[in-house]
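In what follows, every chain begins at residue 1, and chains take the letters A, B, ... in the order their sequences are listed. Computed over heavy atoms, backbone and side chain alike; hydrogens, waters and symmetry mates excluded.
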Amino acid sequence: MFDQILQFVLTGITVGATYALVALGFAIIFNASDVVNFSQGEFVMIGAMSTIAFSAGEGLPLWLAAVGAVLLAICVGMMLQRFAIAPARGASVVTTIIITIGASIFLRGVALLLWGKDIFGMPHFSGEQPIQIGEATLLPQNLWVMGGAAVLVLGVHYFFNYTTNGKAILACSCNRTAAHLVGINVSMMMLIAYGLSALLGSLAGILVAPITFTSYDAGVMLGLKGFSAAILGGMGNPMGAVAGGLLLGLIESLAAGLISSGYKDAIGFIILLLVLFLRPSGIFGKASTERV
Amino acid sequence: MALLKVGGLSKSFGGVTAISDLDFEVPEGQVYSVIGPNGAGKTTLFNMLSGIYTPDEGSIRFRDREIVGRLPHKVAELGVSRTFQNLQMFFNMSVLDNVKVGCHLRTKSRLWNSALRLPGTRREEKQAELWAREALHFCGLDKYLQLDADALPYGVLKRLEIARALAASPKLLLMDEPAAGLNDTETKEMRKLIRRISDAGITVLLVEHNMGLVMEVSDRILVIDYGSRLAEGSPTEIQNNPRVIEAYLGGEIEYAV
Amino acid sequence: MSYLRGFYLLTAAALLLPLVFPDNYYVTVVGVTAALHAILAVSLNLLMGYAGQISLGHAGFFGIGAYASAILTTRYGWNPWPAILAGLVLTGIIAFALARPILRLKGHYLAMATLGLGIIINIVLVQTGELTGGPDGLGGIPTLSLFGWNVNSDLRWYIVIVCVMLLVVWLALNIINSRSGRALRALHGSEVAAEMMGINTTATKTGVFVLAALIASLAGSLFAYQQSFVSPDSFSFFFSIELVTMVVLGGMASTYGAIMGAVILTFLPELLVVFEEYEVMIFGAILMLMMIFLPQGLFVGIQSLLRRVGRNRSELAGPDTGEPEESGRGAA
């Protein structure tokens with residue numbers, strides 16, 4: 001029983017690490033621009049699908065293909081900001097949500113056009129020899145996902161706390177006008193935020209693709225889970241989003257193993273609802289009060 | 001006779017005291033002002049009087065009924081209405097509809113009656129429109145009737161909030177800084193409006209920073225500082241109260257009108 | 001009353017269409033779907049556009065109505081009419097029970113919670129296979145009959161569903177222009193001011209949430225009888241999002257806007273079929289462009305455009321006495 005649970009926990013952390021990266025991307029864009037980006041999952045898809053296209057299709061080595069895919073995703077993220085989000089400034093929250101949904105459908109449409117409806121696999125980064133931990137096993141790729149996510153999360157943490165650009169983005173999210181007044185190039189910061197978010201999403205996609213396979217519509221579910229994780233942690237708190245992602249991954253994995261795999265998503269959402277009922281601003285979110 | 005009786009009222013936020021052990025009575029039919037420096041707890045007091053905050057201790061009795069523990073809409077039912085320091089307009093509605101919302105408590109149609117457009121609801125609708133037009137007229141807003149609320153200038157919105165509150169036909173009107181941000185002409189109009197509200201038999205509880213306005217319209221004034229009562233009395237008494245002069249105005253009082 | 005003028009126009013247009021084009025695929029087949037979508041969009045708009053409470057789970061209630069009717073008629077041999085009623089009761093109970101905790105949430109948290117609710121309902125439909133037929137769905141649902149008049153042709157279904165749509169639109173317009181409707185809009189504008197005007201905001205939110213869910217449930221039952229087959233795919237979160245898109249695309253807080261959004265989003269894919277593999281991409285692009293350039297929605301956008309043109313003209317001709325057909329306006 002214990003070994004079984006250990007296995008579920010390991011799987012859960014792997015899945016959760018992916019969710020965490022997507023959720024972190026969500027939180028970064030939300031913090032920078034107050035936009036809930038429903039096309040976040042498409043970055044994941046772009047990362048995985050174009051890596052496969054570049055390596056299998058064009059014959060590039062996997063690492064180079066991955067670099068190309070990440071750069072492509074960053075471009076898409078910045079274009080999304082520049083051509084879809086920026087022109088709609090001042091629109092209501094729901095309107096921007098619909099714009100990002102439109103963007104997500106558009107990107108999926110492009111992927112469908114380029115790669116069709118087939119499901120693609122990606123070679124594991126360093127073999128498929130399972131690692132034994134007690135009675136539980138772990139693939140090297142799981143370590144890649146966990147390690148990669150950890151490095152990225154620390155990197156984002158460093159970026160926002162110790163670099164000028166990172167702090168500038170935080171300043172924009174607190175008060176756009178004031179940030180502009182102290183000489184911060186706000187539109188540049190927005191581009192960086194979207195680019196960073198796309199980088200996280202696409203890397204998550206590349207890291208996890210060898211385990212889960214991928215297809216043109218793989219981004220939908222992951223985007224949804226990323227949003228759930230960001231809300232669970234408390235929107236507006238990047239590290240909360242990471243914790244939310246890990247937690248959601250663990251809950252799903254344990255629910256699938258111990259209760260029913262068919263209901264694992266439902267259990268994830270039920271717990272999310274219960275958390276929100278008890279803490280309407282997420283686990284790590286600050287309750288906001290309206291001044292009258 | 002006191003319309004509103006506040007006794008032993010205290011409220012703190014995370015250890016910071018906003019109001020401590022405050023007592024006062026508002027006599028019926030008067031304009032009663034609460035003044036004090038910024039952060040003295042005036043808006044907190046208003047939020048407790050209208051049921052938005054629950055006090056930590058003390059009681060608020062309005063016409064011998066307890067307000068503490070009632071939700072804002074239940075407080076409104078007792079006959080208390082208010083305006084807000086930061087405008088709380090319904091910007092998604094027309095001027096007329098904004099004020100019609102004020103008639104909510106004077107009308108009764110339920111969702112299903114309205115949905116089926118039963119005859120009673122149509123009659124009531126006409127009545128509400130009449131009341132709303134009356135309130136708008138009272139505040140001198142006739143010409144803005146058909147406009148959308150978000151198309152109005154700030155000074156007009158201030159009066160629109162009052163019209164909306166008056167449409168509820170309240171016994172007590174809480175006004176939170178009605179003259180804030182108004183220019184001299186608008187402030188003069190506001191002063192006249194407050195007078196007229198009082199003349200119409202509505203008791204007014206006023207929080208305001210413009211001392212000229214306060215001294216001019218008030219029957220009684222309560223001065224609070226750090227959430228406690230500093231002084232209470234008629235405008236003349238307050239103007240001559242050395243404690244008020246010292247604590248509140250740092251020595252010199254200038255009554256700009 | 002002036003707000004019903006547009007309604008009479010809509011009624012005339014909806015009833016004339018099949019007379020002019022009696023056997024047209026786009027009228028009696030796509031048109032029925034559009035009318036069904038319009039019912040859903042109008043109900044969602046009450047909740048979202050007017051009361052300002054976003055819901056990304058509306059398809060869930062649509063699904064409960066559809067499956068209640070499907071299961072009771074096929075597995076238990078109920079007459080379709082009481083099955084509709086049972087669906088409404090079930091939906092009402094679920095919506096009422098969940099309304100309070102869910103509507104305490106605001107903004108993105110509310111969006112997430114309703115999204116989750118919709119997905120949970122969908123998963124339950126998939127997983128309770130012995131009852132619902134699981135992912136394969138449930139077929140052989142009988143059709144409705146009205147005093148011996150069987151609703152068994154496309155044209156008859158058009159008549160039934162369009163009439164229900166008109167009824168729902170009429171109810172919605174009446175509500176919006178009443179005391180209750182003002183209460184909805186007021187709580188959208190400022191919850192604290194609405195409370196201060198004596199509006200019980202919790203009860204009002206609960207009321208409109210339940211009402212919107214009931215209308216969706218009714219639409220679901222009709223959908224089940226019309227299709228004679230239901231599967232969970234029709235009630236996925238994609239469809240919830242499509243419904244939200246209809247409302248926003250047409251223009252929040254405008255009943256006619258919601259209808260317009262429903263009609264456009266129903267017909268657009270039909271028309272884009274000619275682009276074959278480019279269809280999805282073009283659909284996404286159109287959606288994005290429309291929202292970027294008309295953030296207030298098509299109906300509201302076009303309306304204000306016309307008003308501006310009208311004002312320019314009336315400045316030459318005399319004072320403008322025109323008044324908007326609906327008192328509800330697009331919310332910022």
Which residues, numbered in order, of residues 235-245 of chain C come under 4.5 angstrom of chain A by heavy-atom distance? C:Phe237, C:Phe238, C:Ile241, C:Val244, C:Thr245
Result for side-chain contact (heavy atoms from CB on, under 4.5 Å) between A:Ile98 and one of C:Met290, C:Met288, C:Met291 points to C:Met291
Residue, of A:Thr100, A:Leu112, A:Ile270, that accumulates the most heavy atom pairs under 4.5 Å with chain C: A:Ile270
Using non-hydrogen atoms and a 4.5 Å limit, figure out which bit of C:Leu294 sits close to chain A: side chain, backbone, both or neither. neither
Just so I understand: if I count every heavy-atom pair under 4.5 Å between each of C:Ile54, C:Val126, C:Leu110, C:Leu115 and chain A, which residue has the most? C:Leu115
Chain C shares the most heavy-atom pairs under 4.5 Å, among A:Phe30, A:Phe106, A:Phe38, A:Phe227, with A:Phe106
Taking A:Met235's backbone N and O only, do any of them form a donor-acceptor pair with C:Tyr109's side chain (distance below 3.5 Å, no angle check)? yes
Residue selection (most heavy-atom pairs with chain C, distance under 4.5 Å) from A:Leu224, A:Val36, A:Val93, A:Leu232: A:Leu224
Ignoring hydrogens, what is the shortest heavy-atom contact between C:Pro295 and A:Thr95? Give both atom names and the distance. O-OG1, 3.2 Å
In this structure, OG of A:Ser92 is separated from CE of C:Met252 (nearest 0.5 Å) by 5.5 Å
State the CD1-CG distance between C:Ile119 and A:Leu272, to the nearest 0.5 angstrom. 9.5 Å
Contact winner vs chain C - A:Ile97, A:Ile105, A:Thr96, heavy-atom pairs under 4.5 Å: A:Ile105
Quick check on the structure: residues of residues 92-103 of chain C within a heavy-atom distance below 4.5 Å of chain A, by number. C:Pro101, C:Ile102
What's the spacing between C:Met281 CE and A:Arg108 CZ if we round to 0.5 Å? 14.0 Å
Pick one of side chain, backbone, both or neither for C:Thr114, based on which atoms fall under 4.5 Å of a heavy atom in chain A. neither
Inter-chain contacts: residues 259-267 of chain A against chain C, heavy atoms under 4.5 Å: A:Gly262, A:Tyr263, A:Asp265, A:Ala266
By the side-chain hydrogen bond (donor to acceptor under 3.5 Å, both in side chains) test, which pairs, at least two apart or in different chains, include something from residues 270-292 of chain C? C:Tyr25-C:Glu270
Does any N or O in the side chain of C:Arg104 come within less than 3.5 Å of the main-chain N or O of A:Pro280, such that one atom is a donor and the other an acceptor? no
